[in-house]
Amino acid sequence: MYLSRFLSIHALWVTVSSVMQPYPLVWGHYDVCKTQIYTEEGKVWDYMACQPESTDMTKYLKVKLDPPDITCGDPPETFCAMGNPYMCNNECDASTPELAHPPELMFDFEGRHPSTFWQSATWKEYPKPLQVNITLSWSKTIELTDNIVITFESGRPDQMILEKSLDYGRTWQPYQYYATDCLDAFHMDPKSVKDLSQHTVLEIICTEEYSTGYTTNSKIIHFEIKDRFAFFAGPWLRNMASLYGQLDTTKKLRDFFTVTDLRIRLLRPAVGEIFVDELRLARYFYAISDIKVHGRCKCNLHATVCVYDNSKLTCECEHNTTGPDCGKCKKNYQGRPWSPGSYLPIPKGTANTCIPSISSIGNPPKFNRKWPNISSLEVSNPKQVAPKLALSTVSSVQVANHKRANVCDNELLHCQNGGTCHNNVRCLCPAAYTGILCEKLRCEEAGSCGPDSGQGAPPRGSPALLSLLAALLGTAGPLGI
């Protein structure tokens, strides 16, 4: 009885949650970089694309204001009450904690009453523009996964620009313009995200939707990330495979949602009227109580963990990669060029692991070096482009399967002396020949080769290639040759 009631309640909860939740709580997967699987040869690592989970990125940022002395309270000043521009006896004093409004209050825990907020100086120097740049820096590349939300405690500004940087603040590009009159402020026709499409999703627009002046009750400004995702994944973000496919194949789209810094440019405070009231300039200022930025460290699909240490974010790289963004192969794992992971095929993606350099494998066994098992070469997808390992005497040796190296193929490692390649695993040799690539006469092993043996001279192969293959495959287990 209790079990059936519990199941009924659980089913009801799942139904209600699915209806009330407009978007998936976690729009990403890829939370595991590797797992062990069992094959005929025993346990081997299966590698897959992976990424950190989305989180509140404001916990890790540094904020900078320009001009640096724009925060109110030094010297102390009075300002008009929010919502009542004629009650101008409120005080901002940086030397008194209860009356101070420093920048860190834009990112503190919300829920206290009254709300805490950063506040600028008032527009006491009118008609000189009251303008503020608020720069948010991570010193790390991050990928945005949810809307950017700015909550104002003053009226929302009449003019504002949200900008982004991909090079740690050296250059800036506009993300979106906000104005009560886009044509007058920025010479742009007003639009909203709803006016965009898959083909115009990267268009930089000016919106009047969030800049309705001083008298409005609404406080929030959005930069819509999920609405842009929805052009590819559907209005409920159910078709994530489509979005992942677009992010995988369209660099401009991927870069659009990637930042190292954000900058909020406050250009004109909320006036709410045609003319500025010069007798009550203390009613004009900026005040922000909260900024939300959700995203994840960009690790190029090579890590699930991003650590914050010494005020710095760094990916804990897997797949034999390294660097702040896992953007290069580790030393001795440069057997092929570095490549980011891929979201495709869904749901595991492709790891594109870095593989050992030929110099890291070592010299042939006669120097008493231990050679790694071929499964440690860590190539996760047999459809990946085969890596090329440089040799001095041969152009390349290909390794294209996570279980073992290709013994033969139809491009570089041909079976010799009439042998045929079987599943890239072994050469099927004519009766008179043996060896990995059918390069040896059987009579040589028996010591019976001679002018009367009816067998020709040994072929001229590539000794470096053959000794390398013999050493590699000798540790990978018998191939039944």
Side-chain angles (χ1 to χ4, degrees), residues 58 63 65-94 98-108 110-136 148-162 176-181 185 207-223 262-292:
T58 60
V63 61
L65 270 61
D66 185 30
D69 59 350
I70 194 63
T71 299
C72 71
D74 187 17
E77 64 177 311
T78 58
F79 60 94
C80 300
M82 297 165 195
N84 188 347
Y86 302 100
M87 186 180 294
C88 300
N89 56 357
N90 293 277
E91 187 176 3
C92 179
D93 185 349
E98 294 80 8
L99 301 176
H101 297 281
E104 53 265 28
L105 295 183
M106 289 186 280
F107 313 104
D108 64 332
E110 287 297 309
R112 286 173 285 172
H113 298 283
S115 295
T116 56
F117 52 89
W118 163 81
Q119 183 174 314
S120 75
T122 59
W123 204 357
K124 53 183 177 289
E125 295 186 14
Y126 176 86
K128 180 181 178 180
L130 179 62
Q131 298 182 346
V132 184
N133 287 344
I134 303 172
T135 303
L136 314 179
I148 298 170
V149 183
I150 306 170
T151 304
F152 284 84
E153 285 299 315
S154 59
R156 295 181 293 189
D158 281 0
Q159 297 175 15
M160 185 187 107
I161 307 174
L162 179 65
Q176 192 152 292
Y177 295 86
Y178 302 82
T180 53
D181 188 334
T207 180
E208 297 175 357
E209 188 174 353
Y210 302 111
S211 303
T212 50
Y214 186 87
T215 59
T216 180
N217 291 324
S218 183
K219 300 178 177 182
I220 295 175
I221 283 180
H222 284 263
F223 178 70
L262 290 170
R263 184 163 68 185
I264 303 164
R265 295 183 60 197
L266 305 173
L267 302 180
R268 180 180 171 88
V271 174
E273 301 166 351
I274 298 176
F275 301 104
V276 173
D277 185 352
E278 295 187 44
L279 298 177
R280 295 184 177 87
L281 293 177
R283 63 184 284 193
Y284 306 120
F285 54 89
Y286 306 106
I288 297 176
S289 62
D290 192 41
I291 298 177
K292 285 186 170 63

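Annotation: side chain of I288 is in contact with side chain of I134 (closest heavy-atom distance under 4.5 Å). Between I264 and I291, some side-chain heavy-atom pair lies under the 4.5 Å cut-off. For the pair R268/V276, a side-chain contact is recorded, criterion being any heavy-atom separation below 4.5 Å from C-beta on. A heavy-atom distance below 4.5 Å is not found between the side chains of S154 and F117.
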Using residues 126-133 as the side-chain source, report each donor-acceptor pair under 3.5 Å to any protein atom, sequence neighbours left out, with the distance given to one decimal.
none

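When atom types are taken as modelled, the side chain of T122 and the backbone of A282 share no donor-acceptor pair closer than 3.5 angstrom. Remark: the backbone N or O of Y286 is paired with a side-chain donor or acceptor of S120 at under 3.5 angstrom.
By the 30° and 60° cut-offs, the orientation of the rings of W123 relative to Y284 is perpendicular. Ring pair H222/Y210 is tilted by interplanar angle, where 30° to 60° counts as tilted.
Judged as a salt bridge (Lys or Arg N to Asp or Glu O under 4.0 Å), the pairs with a partner in residues 67-81 (not counting sequence neighbours) are, in order, E77-K124.
Considering only residues two or more places apart in sequence or on other chains, Y177 meets the ring pair (Phe, Tyr, Trp, His ring centres under 6.0 Å) condition with F186.
Across S211 and Y178, no two heavy atoms sit closer than the pair OG-CB, 3.5 Å.
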